[in-house]
Protein chains: 2
Amino acid sequence: MAENSHHHGDLRNALIDSALALLTEGGRESLTLRRAAARAGVSHAAPAHHFDGLEGLLHAVAARGFQVFSDLMRQERAARPADAQNQLLGITNGYLRFAAEHEALFNLIFSEPMKNSGDADLIAASNEAFQILSETCALFEPDPAGPFVNEIRVWSTVHGYAILRQFDRLRATPDSAVVPVDLVLPRLVPRQRD
Amino acid sequence: MAENSHHHGDLRNALIDSALALLTEGGRESLTLRRAAARAGVSHAAPAHHFDGLEGLLHAVAARGFQVFSDLMRQERAARPADAQNQLLGITNGYLRFAAEHEALFNLIFSEPMKNSGDADLIAASNEAFQILSETCALFEPDPAGPFVNEIRVWSTVHGYAILRQFDRLRATPDSAVVPVDLVLPRLVPRQRD
DNA sequence: CGCAAATCTTGACACCGTCAAGTTTTCTGT
DNA sequence: ACAGAAAACTTGACGGTGTCAAGATTTGCG
């Protein structure tokens with residue numbers, strides 16, 4: 001039995017949980033190796049045995065973040081009718097909910113240190129999220145210019161929209177209404193069912 | 001004459017220059033108050049008299065960044081024919097050149113600490129850049145859904161495109177070609193000249 | 001010319017990530 | 001079952017960071 005100081009049990013996941021809590025409460029700048037360790041009830045050097053420094057912890061948190069991201073998109077998609085237009089709207093709604101309700105996490109997973117990470121878990125989680133959007137785009141006729149164009153058009157648009165919303169740039173004047181996503185998304189043609 | 005240690009002359013701008021150089025050379029994480037001070041040949045506490053801490057310096061650097069941003073968009077726009085389609089392509093090209101050639105600066109101006117900054121210079125520089133895109137969108141017929149919709153569609157798309165490119169997500173497979181912006185941008189109808 | 005304000009320096013503090021070395025627990029092989 | 005290796009965690013130290021307080025120097029103004 002692990003009664004005393006050594007051998008926590010599942011410290012790795014406990015540290016990720018602590019890090020996620022810190023991120024949610026105080027944003028990226030308040031997420032610190034030492035703070036995550038302290039919150040997990042462990043010494044400041046303990047995380048080094050489970051992550052490759054701070055960056056390693058951030059990668060693990062980001063991988064977890066992508067899972068939340070995927071879950072939200074799937075959840076919103078499942079809650080709508082099966083036609084292409086509604087399914088796509090579900091995906092974008094999940095995308096935007098994640099950006100709004102997990103802002104710090106959203107900013108983290110698309111931040112500088114996540115590029116070319118090499119972290120296998122992070123890459124897998126990232127690919128999974130991207131595939132969800134991709135398979136939903138497959139409900140539409142492929143763009144004449146190529147098979148991958150629909151994905152990129154939708155994805156670019158909704159991602160840019162999320163960022164612009166963070167900067168409150170989605171209205172003409174401070175008192176006007178926010179332009180809804182529906183009006184911004186490209187209009188794709190649903191695939192013919194024969 | 002300022003021969004000796006006190007009174008640099010124009011330390012504020014010198015610090016911004018140093019900060020920009022550090023940012024270009026080593027990314028955001030290598031931009032430090034103390035390093036910027038050292039590069040400007042000044043003590044570590046000197047910046048406090050010109051900026052409100054590190055965040056204040058970042059705001060000033062971001063304001064400078066938005067000016068470079070605006071210059072690039074205007075430059076690319078001026079180098080093209082006067083028709084709406086080409087002018088817009090110039091803008092987006094300037095946008096994407098800035099994202100590629102000043103990557104760290106691009107990431108900085110759209111990063112967390114820049115939201116609701118309250119810094120007057122930063123807000124002004126930001127508005128200026130946004131107006132350049134806006135006035136170019138005015139060459140097209142306004143979207144039936146509202147006067148501001150074109151701007152947001154173009155802007156969301158090109159911004160998302162820039163981010164996706166940073167993560168190398170603009171191709172279906174590692175060996176396939178990058179999907180060009182032209183195919184991704186919404187197709188607007190040029191305004192009728194009577 | 002004198003003095004207040006602005007500018008910069010020096011020094012200190014707490015916090016940070018990381019490394020080295022030591023201690024405790026678990027695992028493994030026989 | 002038990003010794004020794006490996007893994008997990010602690011303690012302590014180091015240099016670097018942002019920030020504050022206090023002092024020194026320069027500028028500018030009345």
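Letters go in sequence order (proteins before strands), and every chain restarts at 1. Small disclaimer: the values here were computed from a predicted structure and weren't measured.
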Please name all residues satisfying salt bridge (charged side-chain N to carboxylate O under 4.0 Å, His left out) with [X], sequence neighbours left out, ordered by chain then number.
X        : answer
A:Glu101 : A:Arg97
B:Arg171 : B:Asp168
B:Asp17  : B:Arg64
B:Glu112 : B:Lys115

Without decimals, in angstroms, what is the distance between [X] [atom1] and [N] [atom2]?
X       : N      : atom1 : atom2 : value
A:Leu15 : D:dC9  : CG    : C1'   : 11 Å
A:Leu57 : C:dC16 : CG    : C1'   : 14 Å
B:Leu11 : D:dT25 : CG    : P     : 19 Å
B:Leu54 : C:dC15 : CG    : P     : 18 Å
A:Leu22 : C:dC16 : CG    : P     : 10 Å

Which residue, A:Leu139, A:Asp83, A:Thr136, A:Asn93, forms the side chain to side chain contact (heavy atoms under 4.5 Å, CB included) with A:Leu88? A:Thr136
Name the residue from B:Asp71, B:Ile109, B:Ile123 that meets the side chain to side chain contact (heavy atoms under 4.5 Å, CB included) definition with B:Phe66. B:Ile109
Other residues, nucleotides and ligands only: do more than 12 of their heavy atoms fall within 6.0 Å of CG on A:Asp10? yes
For [X], what residues pass the side chain to side chain donor-acceptor pair (under 3.5 Å) criterion, not counting sequence neighbours?
X        : answer
A:Asp52  : none
B:Gln85  : none
A:Glu135 : A:Arg77

Taking the axis from the first five pairs and the axis from the last five, what angle separates them in the helix from C:dC1-D:dG30 to C:dT30-D:dA1, rounded to 10 degrees? 10°
For DNA chain D, which residues of residues 108-119 of chain A approach it to below 4.0 angstrom with any heavy atom?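 Close to the strand, none.
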List in numerical order all residues of residues 31-38 of chain A for which some heavy atom is under 4.0 Å away from an atom belonging to DNA chain C.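 Close to the strand are A:Thr32, A:Leu33, A:Arg34, A:Arg35.
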For DNA chain C, which residues of residues 39-53 of chain A approach it to below 4.0 angstrom with any heavy atom?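 Output list: A:His44, A:Ala45, A:Gly53.
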pair B:His159-B:Phe106: side-chain heavy atoms closer than 4.5 Å: yes
Quick one: side-chain contact (heavy atoms from CB on, under 4.5 Å) partners of A:Arg35, sequence neighbours excluded? A:Leu22, A:Ser30, A:Thr32
In this structure, is the centre-to-centre distance between the rings of B:Tyr161 and B:Tyr95 below 6.0 Å? no
